[in-house]
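First listed ligand is number 1; within each ligand, the first listed atom is number 1.
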Amino acid sequence: MRVPMIAGNWKMNTTVSEAIKLVNEMRAGLDEITNVDKVICPPFISLAAVRELIKGSSIKLGAQNLYFEEKGAYTGEISPLMLADLCEFVIIGHSERRQYFNETGEIVNKKVKAALRAGLKPILCIGESFEENEAGRTEEVVTEQLMASSARIYYLSGLIIAYEPVWAIGTGRAATGKQANKTIGFIRRTVSEKYGKRIARDVRILYGGSVTAENAAEFMNQPEIDGALVGGASLKANEFLSIVRQTSKIKQ
Ligand code: PEP
């Protein structure tokens with residue numbers, strides 16, 4: 001059985017004090033729900049404070065990025081070892097990083113390997129652009145991204161995949177549940193071809209792209225979709241809680 005997961009990507013939002021306030025608003029409500037993995041991913045600078053706040057609760061912590069070297073002269077970067085000391089998950093290959101920071105498949109692959117080596121659980125993001133979608137290239141693009149990201153990785157233990165069509169991220173224009181379910185089913189079959197049936201059966205694949213309290217049920221009702229990576233709506237305590245609560249009911 002795959003435990004459903006709702007992960008909140010706060011992106012470059014919240015100061016440390018705002019992060020503390022937001023966690024305080026959602027902590028009790030999230031903690032109550034036990035059949036869903038609830039992961040919050042605040043900016044790096046708030047990880048330590050948030051970790052203290054959620055200690056003893058069932059809420060899990062993730063980072064939004066990492067550098068692939070363990071340590072050294074890489075001014076301004078954050079290493080997998082530093083993160084492994086603070087949190088359990090790390091988002092890798094988000095389309096905003098691919099788009100604005102030129103992260104290639106090779107870089108994403110190095111990051112995934114470095115995260116796994118450090119014992120972190122990567123939330124690997126893949127997804128096609130609007131043009132690729134229009135051209136009917138979705139399956140080709142997600143296969144290419146998945147293969148590049150997982151090159152020379154022989155065991156996917158702990159890895160989570162987030163299918164995030166780029167055209168749906170932060171646009172308010174989500175995919176339909178059916179579309180997302182179809183592509184996620186395809187991704188699972190691709191994982192099966194590379195890693196075998198057991199791993200494909202166990203790997204959690206989330207949908208991401210304009211998930212809100214209003215449309216969450218549509219995605220969670222789909223059999224292939226194991227949860228969501230939520231951006232904008234994860235910054236509102238009540239909305240994030242509502243998404244987690246709906247997931248808990250639907251996936252029980
Ligand atoms: C994201 O940042 O991964 C995301 C899906 O954002 P949004 O929910 O705002 O579209």
Side-chain angles (χ1 to χ4, degrees), residues 4-14 18-19 22 26 30 36-44 46-47 50 60-66 87 89-101 103 108 111-112 115 120-130 132-133 138 141-142 145-146 149 159-177 179-181 183-184 187 204-220 222 224-247:
M5 170 183 284
I6 301 295
N9 174 15
W10 294 8
K11 311 197 191 198
M12 198 177 71
N13 294 294
T14 68
E18 286 166 347
L22 187 53
M26 54 173 79
L30 286 180
V36 177
D37 271 351
K38 304 133 304 186
V39 184
I40 49 178
C41 306
F44 285 136
S46 295
L47 284 172
V50 170
K60 299 176 182 210
L61 192 58
Q64 300 173 17
N65 181 31
L66 85 178
C87 62
F89 297 89
V90 58
I91 299 171
I92 298 180
H94 192 283
S95 65
E96 287 152 15
R97 298 223 46 99
R98 294 179 192 257
Q99 205 177 330
Y100 306 137
F101 303 97
E103 285 195 10
V108 172
K111 291 187 171 192
V112 172
L120 288 159
K121 295 173 183 154
I123 302 176
L124 168 68
C125 302
I126 57 175
E128 82 287 1
S129 68
F130 178 74
E132 290 162 342
N133 182 278
T138 298
V141 172
V142 294
Q145 290 178 346
L146 187 62
S149 312
L159 185 127
I160 292 125
I161 297 171
Y163 166 57
E164 299 209 304
V166 179
W167 48 271
I169 298 177
T171 59
R173 198 157 57 92
T176 64
Q179 276 173 330
N181 191 64
T183 305
I184 288 178
I187 294 169
R204 289 184 284 184
I205 312 183
L206 316 180
Y207 166 74
S210 297
V211 173
T212 61
E214 248 169 61
N215 64 18
E218 181 184 341
F219 296 105
M220 297 314 132
Q222 303 292 333
E224 292 288 354
I225 303 181
D226 300 316
L229 179 55
V230 184
S234 70
L235 292 165
K236 297 174 205 139
N238 280 339
E239 182 145 18
F240 191 63
L241 267 169
S242 164
I243 295 169
V244 175
R245 284 195 185 114
Q246 292 180 59
T247 305

*To which of Ser95, Ala233, Gly231 does the heavy atom nearest atom 8 (O) of ligand 1 belong?*
Gly231
*So, Glu128 versus Asn133: side-chain donor-acceptor pair below 3.5 Å or not?*
yes
*Quick one: does ligand 1 sit under 4.0 Å from the side chain of Ile169, the backbone, both or neither, non-hydrogen atoms only?*
both
*Should Lys11 be counted as touching ligand 1, given the test is an N or O pair under 3.5 Å?*
yes
*asked:* Out of all atoms in ligand 1, which are within 4.0 Å of some heavy atom of Gly209? Include the element for each.
replied: 5 (C), 10 (O)
*What is the closest protein heavy atom to atom 5 (C) of ligand 1, and at what distance does it sit?*
Glu164 OE2, 3.1 Å
*Looking at ligand 1, does any of its N/O atoms fall within less than 3.5 Å of an N/O of Gly170?*
yes
*asked:* Has Asn215 got a side-chain atom pairing as donor or acceptor with Ser210's backbone, closer than 3.5 angstrom?
replied: yes
_Partners meeting side-chain hydrogen bond (donor to acceptor under 3.5 Å, both in side chains) with Arg245 (sequence neighbours left out)_ = none
*For Gln246 and Ser242, run side chain to side chain donor-acceptor pair (under 3.5 Å): C-alpha distance rounded to whole Å, both residues' side-chain angles, the deciding distance at 0.1 Å, then the answer.*
CA-CA 6 Å; Gln246 292 180 59; Ser242 164; 3.0 Å; yes
_Interfacing atoms of ligand 1 (cut-off 4.0 Å, heavy-atom, Ala168)_ = 10 (O)
*Counting each atom of ligand 1 from 1 as listed, which ones have a heavy atom of Gly232 under 4.0 Å away?*
7 (P), 8 (O), 9 (O)
Please tabulate, for the side chains in residues 227-236, all donor-acceptor contacts under 3.5 angstrom to protein atoms that are two or more places apart in sequence or on a different chain.
residue, atom, partner, partner atom, Å
Ser234, OG, Val230, O, 3.2
Ser234, OG, Gly231, O, 2.7

*Judged by atom type as modelled, is there a donor-acceptor pair below 3.5 Å linking the side chain of Glu218 to the main-chain atoms of Thr176?*
no
*Please verify whether a non-hydrogen atom of Ser234 lies at under 4.0 Å from ligand 1.*
no
*For atom 1 (C) of ligand 1, find the nearest protein heavy atom and state the residue, atom name and distance (0.1 Å precision).*
His94 NE2, 3.2 Å
*Which atoms from ligand 1 have a heavy atom of Leu229 less than 4.0 Å away?*
3 (O), 5 (C)
_A quick test of your reading: do over 12 heavy atoms of other residues, nucleotides or ligands sit less than 6.0 Å from CD of Glu214?_
no
*Could you walk me through whether Lys60 and Lys121 pass the side-chain contact (heavy atoms from CB on, under 4.5 Å) test, one step at a time?*
CA-CA 11 Å; Lys60 299 176 182 210; Lys121 295 173 183 154; 5.5 Å; no
*asked:* Show me which atoms of ligand 1 lie under 4.0 Å from any heavy atom of Ser210.
replied: 7 (P), 8 (O), 10 (O)
